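Single-structure report; data block below.
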There are 4 protein chains.
Amino acid sequence: MLPAEVRVDDLMTAAADLFIAKGIEATTVNDIVELAGVGKGTFYHYFATKEDVILALRERFSRDFTKKVADALAQCPGDDHRARFATWLRGTVEAYIANYELHDVVFHEFRHSNRNSKEKEIVIAQLSALLGEGAKADAWSLPDVRAAAIAIYDGMHGVVDDAIATGNGDAGAICDRLSLLFGRILVA
Amino acid sequence: MLPAEVRVDDLMTAAADLFIAKGIEATTVNDIVELAGVGKGTFYHYFATKEDVILALRERFSRDFTKKVADALAQCPGDDHRARFATWLRGTVEAYIANYELHDVVFHEFRHSNRNSKEKEIVIAQLSALLGEGAKADAWSLPDVRAAAIAIYDGMHGVVDDAIATGNGDAGAICDRLSLLFGRILVA
Amino acid sequence: MLPAEVRVDDLMTAAADLFIAKGIEATTVNDIVELAGVGKGTFYHYFATKEDVILALRERFSRDFTKKVADALAQCPGDDHRARFATWLRGTVEAYIANYELHDVVFHEFRHSNRNSKEKEIVIAQLSALLGEGAKADAWSLPDVRAAAIAIYDGMHGVVDDAIATGNGDAGAICDRLSLLFGRILVA
Amino acid sequence: MLPAEVRVDDLMTAAADLFIAKGIEATTVNDIVELAGVGKGTFYHYFATKEDVILALRERFSRDFTKKVADALAQCPGDDHRARFATWLRGTVEAYIANYELHDVVFHEFRHSNRNSKEKEIVIAQLSALLGEGAKADAWSLPDVRAAAIAIYDGMHGVVDDAIATGNGDAGAICDRLSLLFGRILVA
DNA sequence: GATGAATGAGGCTTCATTCAT
DNA sequence: CATGAATGAAGCCTCATTCAT
């Protein structure tokens, strides 16, 4: 009888590992509890359904992701907007590379008819704010901040995915390439 | 006893409608044959497995998509690279808006652990070629054509998704916004 | 691949036997298909849920029951109302004795919040008609035909149950006792 | 930490309410403790199993029921047998109407293969005694006291059920109708 | 006394696929 | 060609009960 948090965490981690390894559908609740080393009832003590773990994983992922980037940004002088963008890009790429497998599985493989998830919205809001501040301070001009944020975010995803797929998974190189690309968008 | 093609088409269309409405997993072969108005055995006459329909749907979607854009490009003078890009963008956005629901379901919901599908590769190749030609003709310069193609393509997807989600699904307005954005990337 | 009716019947009979022997709750769908000698899927080919068999059993029971009594009554001169009541009583008691186990299980053990089932209503209507005709022909008088029908029907059930429980399960003797009792109700 | 009796009573009442509302099977021990506002362990302090509550509920119901009728009868002169029967009828109908939902659930829905419960036997014995005394005193004659008691008791149940179902749940009117009916049985 | 986390056996149901007609 | 009855493996989930705190 450990504290509830420990169990929940064990179960979520076990689930994440299996989802990554075998996919969501192929992973059974049995697999999860076996790997977590608890009884099946325990799973349902903490999660109402199998879907629930996925949702919890999503939230945990987003929370971690957003926090990591926010922490990095906090280290950055508030008025050097280009540096802030570079920091955002670096943090985002690194966080994504570190966990893209879980990201894939949890955000793409499982979509219960929610095209634009709350989670993505948070990330977009974070980037939009950064871009908006830069625009306000005339570090760059942007006719449509939100569209730019989305294009940059999804563009980043695509390029990183491609880098991973083609084996060029080095965060530094990817960031350089993306900086060049997105630098063109962030002009006066 | 209609010609086989008609049957196949009926089944694919029924499947597509159901996949969009209920998702792939929730759609059973029973649902499909019922909507198509044929017996269950007929399904297995034309498709080896349920997966097969999805694959067929993917191919049909890609074929249509690529063809539509290629046709539009064919109308365009080969040396006006900016116009060609505008044409590509317009065609792509329109085709995507017209069928994004099927696109979602068939390309995202079903991923047999294939991060970069053959189909996406074709589209990227098409755009890369266009961008490469423009670069070669000095219409613009591009340090990394493939990265630019991917970023533009995925960026476009994200912005269109957002436009649809927020109810601004007008192709013209979206293209204008995207032209402004991507125009910045395509500079000398 | 036998005709559908055969399978349905096999399954219903197997279910009935098991319900009687072990009770509804204790009987699993597995038990049923095993006894019926079919695959588990076959069960769900014909019945949507386990409850469905119970409902089907109810209807079959009622249909048989009503028909048996109606047939017996058809043999009876339409104007000898006392004889008709005796016939009804005899038929009802016999049919009930022959199948009270199934009756118990199917009508009492399983009640999905339906106090007065459609099935009972049919039987009551049948008896009410008989009593009403007798009253109209002055074979007896009855201030409240429906109440009398219900009291007689449920009273019969109770007495037969008691006879069965105490081992006096002889239909003839039971009918004699009941005739005496109910004869008092059916007076001018 | 209330006195044990209070706890037991809270649990029984919670259970009764839920059994009535959702049925016995559908009611979980969790539901019960939640409604009672106690921990799950507490339930098992006072009841060995879930069945135990049902049994306890049965006994409480029967005790209350029998007592109520016995009290009413005690007010009645011992030699006015018709009045005594009328009192019995009135008390029984009223008690039943007041609690028929619990009665249903506790006596019908849960039957551990006990067709004739000990509890019913008590009630029948009570009525049999009353009828027997009347017969001995020549207030009426009865060839089979037990059969009459059962028929009257079950007949009463049926008629009251019907009255409730058809919305004529007035105890007075029901008793009038039943008096007329059963009065015919209780003749010299 | 009171709690509620932990359990695990076992039930119901789904559904892709086959194949005799 | 077309059908749909038959299958059975496999999954999700329930819930009464226990027991360490």
Side-chain angles (χ1 to χ4, degrees), chain A residues 1-8 11 25-34 36-53, chain B residues 1-4 7 25-34 36-53, chain C residues 1-8 11 25-34 36-53, chain D residues 1-4 7 25-34 36-53:
Chain A
M1 267 183 254
L2 291 89
E5 273 184 47
V6 176
R7 294 295 188 189
V8 169
L11 284 165
E25 253 209 82
T27 299
T28 72
V29 174
N30 264 328
D31 293 336
I32 297 172
V33 297
E34 195 176 336
V38 301
K40 197 189 301 200
T42 306
F43 179 92
Y44 287 97
H45 193 64
Y46 292 108
F47 301 99
T49 68
K50 186 185 168 187
E51 276 189 20
D52 244 38
V53 214
Chain B
M1 261 176 269
L2 298 135
R7 281 285 154 88
E25 251 208 83
T27 299
T28 70
V29 175
N30 261 329
D31 294 335
I32 297 172
V33 296
E34 193 177 337
V38 300
K40 201 192 296 206
T42 307
F43 180 93
Y44 285 95
H45 259 306
Y46 295 110
F47 301 99
T49 71
K50 185 184 169 186
E51 257 184 41
D52 248 34
V53 210
Chain C
M1 267 182 252
L2 292 89
E5 273 183 47
V6 176
R7 293 297 189 188
V8 169
L11 284 164
E25 251 208 85
T27 299
T28 71
V29 174
N30 262 329
D31 294 335
I32 297 173
V33 298
E34 195 176 335
V38 300
K40 199 188 303 204
T42 306
F43 180 91
Y44 286 96
H45 194 64
Y46 291 108
F47 301 99
T49 68
K50 186 184 168 188
E51 274 187 23
D52 244 37
V53 214
Chain D
M1 264 179 269
L2 298 137
R7 282 284 154 87
E25 250 208 85
T27 299
T28 70
V29 174
N30 260 328
D31 293 335
I32 297 173
V33 298
E34 193 177 337
V38 301
K40 200 191 297 205
T42 307
F43 180 92
Y44 285 95
H45 258 305
Y46 294 110
F47 300 99
T49 71
K50 186 186 170 187
E51 259 184 40
D52 249 34
V53 211

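Given the structure is predicted, the values throughout are model-derived calculations rather than measurements.
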Review point. How would you label the contact of V33(B) with the nucleic acid (heavy atoms, under 4.0 Å): base, sugar-phosphate, or nothing?
Key: nothing

Side chain of [X] (C-beta onward), nearest among [options]:
| X | options | value |
| --- | --- | --- |
| V29(B) | dA16(E), dT17(F), dT3(E) | dA16(E) |
| K40(A) | dT7(F), dG10(E), dA2(F) | dG10(E) |
| Y44(B) | dA10(F), dA16(F), dT18(E) | dT18(E) |
| T42(D) | dC13(F), dA16(E), dT3(E) | dT3(E) |
| H45(D) | dT7(E), dT7(F), dT3(E) | dT3(E) |

Review point. F47(C) pairs by side chain to side chain contact (heavy atoms under 4.5 Å, CB included) with which of V8(C), V29(C), T42(C)?
Key: V8(C)

Exercise for review: From the options I32(D), V38(D), N30(D), select the one residue that forms a side chain to side chain contact (heavy atoms under 4.5 Å, CB included) with F43(D).
Suggested key: I32(D)

Give the rounded distance in Å between these two atoms: [atom1] of [X] and [atom2] of [N].
| X | N | atom1 | atom2 | result |
| --- | --- | --- | --- | --- |
| D52(A) | dC13(F) | CG | P | 9 Å |
| I32(A) | dC13(F) | CD1 | P | 10 Å |
| E34(B) | dG4(F) | CD | C1' | 13 Å |
| N30(B) | dT7(F) | CG | C1' | 14 Å |
| L11(A) | dA5(E) | CG | P | 14 Å |
| E25(A) | dC15(E) | CD | C1' | 12 Å |

Practice item. Sort out the partner of dT17(F) for me: Watson-Crick or G-U wobble, both distances under 3.5 Å, none otherwise. Key: dA6(E)

Review point. In the strands shown, is dA9(F) matched to any nucleotide by a Watson-Crick or G-U wobble pair with both distances under 3.5 Å, and which?
Key: dT14(E)

Review point. Taking the side chain as C-beta and beyond, is there a heavy-atom pair between L11(A) and V53(A) under 4.5 Å?
Key: no

Review point. 5'-most contact on DNA chain F: G41(A) or G41(C), nearest heavy atom basis?
Key: G41(C)

Point to revise | Earlier contact from the 5' end, DNA chain F, for F43(A) and K50(D) | key: F43(A)

**Study point:** Nearest heavy atoms of K50(D) and E25(D), plus distance in Å
**Key:** NZ-O, 3.9 Å

Practice item. Could you tell me whether the phosphate oxygens of dA2(F), OP1 or OP2, come under 4.0 Å of any side-chain nitrogen or oxygen in R7(B)? Key: yes

Revision key, fill the gap. Taking for G37(A) and for A48(B) the nucleotide of DNA chain E with the nearest heavy atom, the one nearer the 5' end belongs to G37(A)

Check your understanding: Do any N or O atoms from the side chain of D52(B) and from the backbone of T49(B) form a donor-acceptor pair under 3.5 angstrom?
Key -> no

